[in-house]
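Each remark here refers to the structure printed beneath this line.
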Amino acid sequence: MEHTTEEKLRIQLAECYHLINYFGWTEMIFNHISVRLPGEERRYLVNTFGLNYDEVTPDNLLMVDAGGRVITNGPTRPNPAGFALHGAIHAARDDVHCIIHTHTNAVCAVAMKEEGFSHDNFYGAQLFERVGYHAFEGITLYDDERPRMLESLGKKHVLVLRNHGLAVGGADIPRAFFLLWVAQRAAEIQCHTGMIPGKNVILSEEIRRRCSQDAEGLIASSSAAQKMFDAAVRKVRKERGPLWPGDKV
């Protein structure tokens, strides 16, 4: 039976939650991955607050508006602290349909540094001039912070929440996941580099910019992100079996 667009997005978003769990990028029951549903009305899918990422299924994802208010009937609710960030970006950026927020050790370490991401390793160079930085204002609960977060992000697709974590946005779920993977790898390598004595090899701005533009263009204009996402999902299913009861995809 052919799936509707919403059903396909529910399956793919649930798969993305399981991928984040598989790679160890979860934060217990906290953080979010959200995706915009097609149509003029602003509607989004997001996880139910209280579930582990490996408990997310296509059926228990919530449909909410930009304020995080549940549209579909049910007793469950999203985490209001998380959707303040997601809702702000979704409402303001038509080019961003999926947002992923993480608090991994490597990402949080980079978010603590005044200079933020280094652009001198292979992955960090791909993020040159693609990262915004937002000053820490506490837990993201309040609507008045939304305009400042959007100003910090600008037209970029990666937002470092200083002293906090990271949010990435993409045109679809696979592209957002790919960008998160690049940022996570950049942060990990930066942390490991800091442990080794000796001078680093510094890249020129010209090389950084070329690398960044090539990386962004490749993902935007090819199926590389989709292929990488699908391969990762196959790997998880091969190792762990069905991701949820009735998973036959």
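The closest side-chain heavy-atom distance from Tyr22 to Tyr53 is not below 4.5 Å. With contacts defined as side-chain heavy-atom distances shorter than 4.5 Å, the pair Pro58/Trp244 qualifies. Within the 4.5 Å cutoff, the side chain of Cys211 has no heavy atoms near those of the His119 side chain. Between Phe23 and Leu180, every side-chain heavy-atom pair lies at or beyond the 4.5 Å cut-off. Contact annotation: the side chain of Leu179 never approaches that of Ile219 to less than 4.5 Å [non-hydrogen atoms, C-beta and beyond]. Inter-residue side-chain proximity for Asp247 and Thr57 is flagged as unmet; no heavy-atom pair is nearer than 4.5 Å.
A side-chain contact (heavy atoms from CB on, under 4.5 Å) with His134 holds for exactly one of Leu159, Val160, Asn163; it is Leu159.
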Open item on the list: Could you go through His32 and Asn47, starting from their C-alpha distance and side-chain angles, then the distance that decides it, and tell me whether this counts as side-chain contact (heavy atoms from CB on, under 4.5 Å)?
Closed with: CA-CA 7 Å; His32 293 288; Asn47 56 314; 2.7 Å; yes

- [ ] Please test Asn52 against Ile29 for side-chain contact (heavy atoms from CB on, under 4.5 Å), starting from the C-alpha separation and ending with a verdict.
- [x] CA-CA 5 Å; Asn52 294 304; Ile29 62 172; 4.0 Å; yes

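Of all heavy-atom pairs spanning His97 and Ala171, the tightest one is CB-O, 3.3 Å. What you find for Leu150 and Ala88 is that their closest heavy atoms are CD2-O, 3.5 Å. Nearest heavy-atom pair, Val35 versus Leu13, reported as atom, atom and distance to 0.1 Å: CG1-CD2, 3.7 Å.
For residues 210-220, no residue pair satisfies the side chain to side chain donor-acceptor pair (under 3.5 Å) rule, not counting sequence neighbours. For residues 19-36, the pairs satisfying salt bridge (Lys or Arg N to Asp or Glu O under 4.0 Å) are Arg36-Asp94, with sequence neighbours left out. Evaluation of the salt bridge (Lys or Arg N to Asp or Glu O under 4.0 Å) test over residues 153-177, restricted to residues two or more places apart or in two chains, returns Asp172-Arg175.
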Hey, can you pull the donor-acceptor pairs under 3.5 Å for the side chains in residues 189-201, sequence neighbours left out?
| from | atom 1 | to | atom 2 | distance (Å) |
| --- | --- | --- | --- | --- |
| Gln190 | OE1 | Ser118 | N | 2.8 |
| Gln190 | NE2 | Gly116 | O | 3.1 |
| Thr193 | OG1 | Ile189 | O | 2.7 |

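When atom types are taken as modelled, the side chain of Arg93 and the backbone of His157 share no donor-acceptor pair closer than 3.5 angstrom. Counting only distance, with no hydrogens or angles, the side chain of Asn60 and the backbone of Glu55 share a donor-acceptor pair below 3.5 Å. A donor-acceptor pair under 3.5 Å is absent between the side-chain atoms of Ser223 and the main chain of Gln226, judged by distance alone. Judged by distance alone, the side chain of Tyr44 and the main-chain N or O of Gly87 form no donor-acceptor pair under 3.5 Å.
Checked for salt-bridge contact, Arg185 and Glu188 meet the test: a charged N lies under 4.0 Å from a carboxylate O. Using a 4.0 Å cut-off between a side-chain N of Lys or Arg and a carboxylate O of Asp or Glu, Arg240 and Asp54 do not qualify as a salt bridge.
Cluster annotation: Phe122 and Phe178 are assigned to the same hydrophobic cluster (Ile/Leu/Val/Met/Phe/Trp/Tyr, side-chain heavy-atom contacts under 4.5 Å, transitive). Val182 and Ile207 end up in different hydrophobic clusters when Ile, Leu, Val, Met, Phe, Trp and Tyr side chains are linked at under 4.5 Å. Criterion: ILVMFWY side-chain heavy atoms under 4.5 Å apart, direct or through other members. Under it, Val158 and Met228 are part of a common hydrophobic cluster. One hydrophobic cluster, built from ILVMFWY side chains closer than 4.5 Å, cannot hold both Leu203 and Val131; they sit in different ones.
With a 6.0 Å radius and a threshold of 12 heavy atoms from other residues, nucleotides or ligands, Glu151 has its CD atom at or below the threshold.
Rounding to the nearest 0.5 Å places CD1 of Ile100 at 8.5 Å from CH2 of Trp25.
Phe229 meets the ring pair (Phe, Tyr, Trp, His ring centres under 6.0 Å) test with Phe177; sequence neighbours excluded. By the ring pair (Phe, Tyr, Trp, His ring centres under 6.0 Å) test, His103 pairs with His101, His164, sequence neighbours left out.
With hydrogens and angles left out, the side-chain atoms of Thr102 and Gln184 include no donor and acceptor closer than 3.5 Å.
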